Structures are given as structure tokens and as C-alpha cells.
Amino acid sequence: MRRAAAAALAAAALLTGCAGSPPATSGPASDAADDALGGTLTVHAAASLQAAFDELLATFSAEHPEVDVQPAVYDGSSTLVAQLADGAPADVLATADEATMADLVATGLAASEPQVLATNTLVVAVPPGNPDGVADLADLAGLRHAVCAPEVPCGAATAALLAAAGVELDPVTLERNVAAVAERVARGDVDAGLVYATDVVAREELLDAVVPALAGTVVNRYPVVVLDGAQPAAEAFVELVLSPRGRSVLAAHGFGPPS
């Protein structure tokens, strides 16, 4: 079953399309790597990015010991934008879709043009072995299942996918971020849930994935941006994320390439 789940996740990644050429970098992480950056680095990112960004932040911290790298803040993208609009301090924001990033840009808090770092698609998360035999979205109708709230990117993607499939569901809970949906399935609170492919990769011992037939029709593009008033380390971290090394880390965590 584990090989089948891995194959399913690989199929979901392939559906996101082919990568464009990654931006050129002049050093291991950025041009700024040759200079002492100093200051602090605070990153806010969509919950689905946690595993990949924790790894990238650890790499950045090891290569820039002069920078005080703060623990990243992970949550639903719309929640993060609201927090930043209310004055929460941060240097970098990465969201799980472009619509939510546009909301951030509209506040005037972006210091640069957002750039897409990765893509993601939805899968049905089920317990190991898929005990209820879920094969596609319609099978969720008879099960206790969880989805994201409609105001967050994973919820908007869920609504789009269900509409494309002509399926109506009655979830038992609407969660504010995709990690919460995955955790509910992993704990056995629900029988299944709609999550990103990356959320199953991050919990491969606890979850299997079923790739819906139309998964490739709804692709989330993840943008990242340096925020107004950011510390000097912000640009260097974004360059690392967008570099070939960063893309490799993202791919290892199940993300598709930018498209």
C-alpha cells in the first residue's frame, strides 16, 4: 500500500505541469551570502509549507549564524495576511495561493513583486491501508470527513475541485488550515479529509493518499514576497527558496515545480 500511495503522490505532482527555468543565483544561497547580513529573520508561511520551510530555515541559519532566525509562523494564508495587516512583524510571507497574496499586496505591505515558488494539488487523505476503500471524491459522501474552511486557499481549492467533479459533500468540520485537516485524519477523528499532496508526504507513516480523478485541474500556485521594512536577511532567504537548492527541498516534500 505504501508503494501505491507513493505512486499516487507522484502522479499528483506530475499533474501540476512542467517547471520553468529556476532563477539564476551566483552563490550557494544568494549574492548576499558573501556579506554578513545581521539582524533578524521572521517568516510567515502557509501551514502546508511547514516541513519544507523548517528545513530551509535551518539551512539558512547554519549558513548565516550572524542572523537571528526566529521560529516561523505557520497558519492558513488568509489568517497570516490578516495578522500582518494588523501589524504583526514579519520579513517574508509565503501563501498557498495567488489570490490571498493579492490581498496582501493590496495592503501595501509587499516590498517587491511576489514570485511563485511551487505548486500543489489536492488529494484525499485516508488512514494507512485505506480501510474504507475510498477511490474518488464521491466516496466521501458516506464517510465522516473534514475539509478546509472556504476562506483559506485549501478551502477555495476544495470548492473548485468539488464543483469540477459535480460532487456535493457535507463535512463534519471546516478547519482554518490544511494541517488541521490532516491531523484530524491522522488522529482518527474523521475517516478522510481533503488536503494537499504535501500534507500526506509530511505524515507518510500516518496517512495514505487517494488522488482524485480531476486533481490536476485545480493547481495552487504558492507565491513568496519580501515585506515592507524587512530585515536584510529577507531577500537572501527568498533567493535560497527560489534557488535550485530550494526547489530541490520543496520537491522532496512533495511540491510540484512552479508553472
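All values derive from a computational prediction rather than experimental measurement. Residue numbers run from 1 in the order of the sequence given.
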* To do: Verify ring-ring contact (aromatic ring centres under 6.0 Å, His included) between Phe60 and Phe53, making sure each step is shown before the conclusion.
  => CA-CA 10 Å; Phe60 186 86; Phe53 265 38; over 10 Å; no
* To do: Salt-bridge test for Glu239 and Arg245: reply yes if a basic N is under 4.0 Å from a carboxylate O, no otherwise.
  =>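 No, Glu239 and Arg245 are not salt-bridged.
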* To do: For Val210 and Asp136, run side-chain contact (heavy atoms from CB on, under 4.5 Å): C-alpha distance rounded to whole Å, both residues' side-chain angles, the deciding distance at 0.1 Å, then the answer.
  => CA-CA 7 Å; Val210 175; Asp136 211 337; over 6 Å; no
I'd like to know if the side chain of [X] reaches the main chain of [Y], judged simply by a donor and an acceptor atom lying under 3.5 Å from each other, with no hydrogens or angles considered.
| X | Y | answer |
| --- | --- | --- |
| Asn177 | Ala47 | no |
| His145 | Gly193 | no |
| Thr100 | Asp97 | no |
| Gln115 | Val224 | no |

Among [options], whose side chain to side chain donor-acceptor pair (under 3.5 Å) with [X] holds?
| X | options | answer |
| --- | --- | --- |
| Asp75 | His44, Arg176, Gln50 | Arg176 |
| Asn120 | Thr198, Asp199, Asn220 | Thr198 |
| Ser48 | Tyr74, Tyr196, Tyr222 | Tyr222 |

* Which value, rounded to the nearest 0.5 Å, describes the distance between Ser61 atom OG and Leu56 atom CG? ->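 Answer rounded to 0.5 Å: 12.5 Å.
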* To do: Enter the distance from Asp139:CG to Leu137:CG here, rounded to the nearest 0.5 Å.
  =>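 Interatomic distance, Asp139 CG to Leu137 CG, rounded to 0.5 Å: 8.5 Å.
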* Asked: Heavy-atom distance under 4.5 Å between the side chains of Leu117 and Leu49, does that happen here?
  ->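 Sidechains of Leu49 and Leu117: in contact.
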* Leu93-Phe255 co-clustered via ILVMFWY side chain contacts under 4.5 Å ->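 Looking at the clustering, Phe255 is in a separate group from Leu93.
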